[in-house]
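Data block below; observations after.
Hydrogens, waters and symmetry mates are skipped; everything else that's a heavy atom, side chains included, is used. Order of the sequence lines sets the chain letters (A, B, ...), proteins ahead of strands, with each chain counted from 1.
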There are 2 protein chains.
Amino acid sequence: MFKPITIKDIALALDLSASTVSRALSDSYEINPETKKRVLEYAEKNNYKRNPIALSLKQRKSYSIGVIVCEVANSFFSQAIDGIESIAYKNGYNIVISQSHDSSDQEIMNIQHLANRSVDGILISLSAETTNFDHIQKLHGAGLPIVFFDRIYDGLATHKVSSDNKKGAKMATQHLINKGYRKIAHLANAPHLSITKERLAGYQEALTENGFKVDPSNITYCHHGGSSQKEVDTAVQYFLSMKDKPDAIFVASDRLSIGCLTALKKFSGNNYDPAIAGFSNSDVLDLFKSDFSSIRQPAFEMGRVATDLLIQLIESKYPVHEYQSVVLGTELIERIKSKPRN
Amino acid sequence: MFKPITIKDIALALDLSASTVSRALSDSYEINPETKKRVLEYAEKNNYKRNPIALSLKQRKSYSIGVIVCEVANSFFSQAIDGIESIAYKNGYNIVISQSHDSSDQEIMNIQHLANRSVDGILISLSAETTNFDHIQKLHGAGLPIVFFDRIYDGLATHKVSSDNKKGAKMATQHLINKGYRKIAHLANAPHLSITKERLAGYQEALTENGFKVDPSNITYCHHGGSSQKEVDTAVQYFLSMKDKPDAIFVASDRLSIGCLTALKKFSGNNYDPAIAGFSNSDVLDLFKSDFSSIRQPAFEMGRVATDLLIQLIESKYPVHEYQSVVLGTELIERIKSKPRN
DNA sequence: AACGCAATCGATACCGGTATCGATTGCGTC
DNA sequence: GACGCAATCGATACCGGTATCGATTGCGTT
């Protein structure tokens, strides 16, 4: 039943000691080239493979990193994962992915699980629900390298990678204003998320700079990040119920964008068709909703940068105390036409 | 630097032997309840965690399973992964995901990597490029449990889970016929994939049963599964170049559906608007392309079933020789309207 | 001849668990 | 009082590697 050959098998076969074989395999200088060749050849022929588990136990290192996102079925995160994977594999790490589904409990479970599984470090984008960071604090305090990406937590001294959410949101809102829209609502994510605050700030700044006043009643939060469509439906129905309906909506995330468009299709009929601009990395959204402008985040790049930083932390020989906060630029994809006059 | 407490630490602290502590922790009957309590309490207080790596080495079992898909940024696969995850976690396994990006070389590398990492089993959906199965054969021969899902390989005696591709394709084609379309092209996936053949068979059967003849010139393959848009563009341009253009296209996969619609938007202008029906699990596609009918696969369920079977294989005490081929039903989501008469 | 030194390889401990085997103790039985 | 037996716990080997320390050999040096 699947018992691969070990160093001892080789040692026995070649009448050497395990130590010698081990050193030969790792190309140590203190092994006779002749012996080295014998070992290498025998290993090759019997297709010997190092047992990474034994190695992990010995070196206290698993060469694997944990990734926690809310869900992979989300263009932004799946693109980020591609980026993570590319750097991780290049450095000999493999990645263990788990999804929080925007639930704080699930996130805690996943983190524990990964830490128990002895990952060498964790890349995490927080769940929409998370307000308590004890479990992360604790692991970080115990020395486990952690890097935040996208949805970061400022209270922890470690590397953070995000996109310029404020500027992106401002660009989107300004874009709507430029196209002639005047009552711009904001469909926001869970209020405690870093990205929510930053995007809200950008939205507000754009409004203010253009002489609009920020009306809190134009802002609706989705406390679970839109993980159930019902939540988004409620938010959209709220907009629909207003006497003076928004003529445009700035949507805070990919998932919410999809949810919002779904809800509008369901409830609005044909007499109400607000312009929509939102954060999204979905190719498909761009493809079909011709009047949907989007802010694209450099998801792939974000994954790469975050992984790079994490591996630096993991492989650093000395404790790191200088942490970086990398902020990446976003891109506005314009599709909305000017507001028709009525 | 992150050194968790071990069984020996506990043994030392409580003046017991490591064996006793180990047995107390696993609730062995031959340990005095009193002692057991002391150990459990001390472990709890100092938040002892079993070292899964040591366990893996000892038991030759890692409690992790490898998943190989072409990409997670694909609705079908990300949904399947959700299903896989749900069953895996429930059984105490974690999943290691890797992407082949529809490249055979990458797939081989991933499989080796996973096998080296001592996963207990592998769930795989083959890449579009794969025509040589030696690497899989070899691992399977060596005793590594493998379960195919979606894109299966019949040459290997193991469990397989797929959806009823032939019936789904037939439904889609029949649907197009019912709506009045007469020249139905087929945008197919890589020719050697199981799903390609099955879907082609369904397409052909529907045509034949309705008295149409199957014209090979109406069928175009995408040898890389549409992993580059260029490939799909070429295929669609071929359809466009035909004297008698197809009035409908049956598209073989999710990715191809997106690619096809993108290409049509890019090249067709407004004077050509064929009806499209295709395999897809994308919510977004359903949302926007109102004249796009889709065949939905039970991706989540497929992931669950496949994982269940894999875990059965892994945990079976005796060699398994009876293998199942589970086929799940598909669903047709009708959106296309009847063909306008001209 | 005696010594130093480099080259080459072996024996052993250890990583953190668990399985196996054994040791000790107390108690009931004949 | 000798023995059997159950209850409880310890010592040890092992999983598959590597690091540490040591042993052996040959050769050049003085």
Side-chain angles (χ1 to χ4, degrees), chain A residues 1-40 42-43 46-64 92 115-120 142-143, chain B residues 1-40 42-43 46-64 92 115-120 142-143:
Chain A
M1 191 103 197
F2 199 54
K3 170 126 169 58
I5 81 164
T6 74
I7 268 192
K8 280 160 195 166
D9 297 329
I10 300 182
L12 211 65
L14 301 184
D15 199 29
L16 291 169
S17 80
S19 330
T20 306
V21 175
S22 173
R23 272 178 292 215
L25 288 172
S26 42
D27 201 29
S28 161
Y29 68 96
E30 48 182 344
I31 295 295
N32 190 319
E34 186 70 23
T35 314
K36 219 181 271 183
K37 209 178 121 198
R38 281 209 304 149
V39 172
L40 264 327
Y42 187 90
N46 299 66
N47 94 81
Y48 164 80
K49 295 279 161 48
R50 248 190 184 76
N51 183 328
I53 291 193
L55 214 66
S56 293
L57 183 57
K58 177 70 179 166
Q59 333 248 242
R60 290 164 175 193
K61 194 160 184 324
S62 64
Y63 280 100
S64 67
N116 289 353
R117 289 284 169 183
S118 317
V119 293
D120 296 334
Chain B
M1 192 108 195
F2 198 53
K3 170 125 169 58
I5 81 164
T6 73
I7 268 192
K8 280 160 196 167
D9 297 329
I10 301 182
L12 211 64
L14 300 185
D15 200 31
L16 290 169
S17 81
S19 329
T20 306
V21 176
S22 172
R23 273 178 291 218
L25 288 172
S26 43
D27 201 31
S28 162
Y29 67 97
E30 46 183 345
I31 296 295
N32 191 319
E34 187 68 24
T35 314
K36 221 180 272 185
K37 209 178 123 199
R38 280 208 306 148
V39 172
L40 264 327
Y42 186 88
N46 298 65
N47 95 85
Y48 164 81
K49 295 279 160 48
R50 247 192 185 77
N51 182 327
I53 291 193
L55 214 65
S56 291
L57 183 57
K58 178 71 178 162
Q59 332 250 234
R60 282 143 181 232
K61 194 160 183 325
S62 64
Y63 280 100
S64 67
N116 290 353
R117 290 284 169 183
S118 319
V119 294
D120 296 335

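Within the nucleic acid shown, A:Lys61 has no heavy atom closer than 4.0 Å to any nucleic acid atom. Across all strands, B:Thr6 comes closer than 4.0 Å only to sugar-phosphate atoms, never to a base (heavy-atom distances).
Taking the nucleotide of DNA chain D with the nearest heavy atom to each of B:Asp15 and B:Ala54, the more 5' of the two is matched to B:Asp15. Residue order along DNA chain D, read from the 5' end via each residue's closest nucleotide, puts B:Val21 first among B:Val21 and A:Leu25. Mapping B:Ile7 and A:Tyr29 onto DNA chain C by nearest heavy atom places A:Tyr29 at the nucleotide closer to the 5' end.
Around the NZ atom of B:Lys49, the shell of radius 6.0 Å holds more than 12 heavy atoms that belong to other residues, nucleotides or ligands. Enclosure of atom OH in A:Tyr42 by more than 12 non-hydrogen atoms of other residues, nucleotides or ligands within 6.0 angstrom is indicated.
Rounded to an integer number of Å, the gap from B:Leu57 CG to D:dT18 C1' is 13 Å. One interatomic measurement links the two molecules: NZ of A:Lys8 to P of D:dC14, which rounds to 9 Å at whole-angstrom precision. Atom NZ in B:Lys58 sits about 11 Å away from atom C1' in C:dG16, given to the nearest Å. In this structure, A:Glu30 places its CD atom 19 Å from P of D:dG26, rounding to the nearest Å. Separating the CG atom of B:Leu16 from the P atom of C:dT18 is a distance of 15 Å, rounded to the nearest angstrom. Atom C1' of nucleotide D:dA7 and atom NZ of B:Lys36 are separated by 12 Å, given to the nearest angstrom. One interatomic measurement links the two molecules: CG of A:Asp9 to C1' of D:dG17, which rounds to 13 Å at whole-angstrom precision. When rounded to the nearest whole Å, the span between CD of A:Glu34 and C1' of C:dA7 equals 15 Å.
The side chain of B:Tyr48 contributes an N or O atom lying less than 4.0 Å from OP1 or OP2 of C:dG17. When the side-chain nitrogen and oxygen atoms of B:Arg23 are compared with OP1 and OP2 of C:dA19, none of them lie within a distance under 4.0 Å. Contact check, A:Thr35 against C:dC9: a side-chain N or O comes under 4.0 Å of OP1 or OP2. Between B:Arg60 and D:dG16 there is a side-chain N or O to OP1 or OP2 distance below 4.0 Å. Residue B:Ser17 places at least one side-chain N or O under 4.0 Å from the OP1 or OP2 atom of D:dG10.
For the atom pair CG (B:Leu12) and CD1 (B:Ile10), the distance works out to 11.0 Å, reported to the nearest 0.5 Å. Separating the OG1 atom in B:Thr20 from the CG atom in B:Leu25 is a distance of 10.5 Å, to the nearest 0.5 Å.
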Practice item. Apply side-chain contact (heavy atoms from CB on, under 4.5 Å) to the pair B:Asn51 and A:Leu57, showing each step before the final yes or no. Key: CA-CA 9 Å; B:Asn51 182 327; A:Leu57 183 57; 4.3 Å; yes
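In this structure the side chain of B:Val39 reaches within 4.5 angstrom of the side chain of B:Leu16, judged on heavy atoms.
In this model, no side-chain donor or acceptor of B:Gln59 finds a partner on the base of D:dC15 within 3.5 Å.
Here the side chain of A:Asn32 is nearest to one of C:dT18, C:dT8, C:dG10, namely C:dT8. Proximity note for A:Ile31 (side chain, C-beta onward) versus C:dA11, D:dT18, C:dC9: the nearest is C:dC9. Listed nucleotides C:dA19, D:dA19, D:dG16 differ in distance to A:Ser19; the shortest reach to its side chain belongs to D:dA19.
D:dT24 is paired with C:dA7 under the criterion used here, namely a Watson-Crick or G-U wobble arrangement in which both key atom distances are under 3.5 Å.
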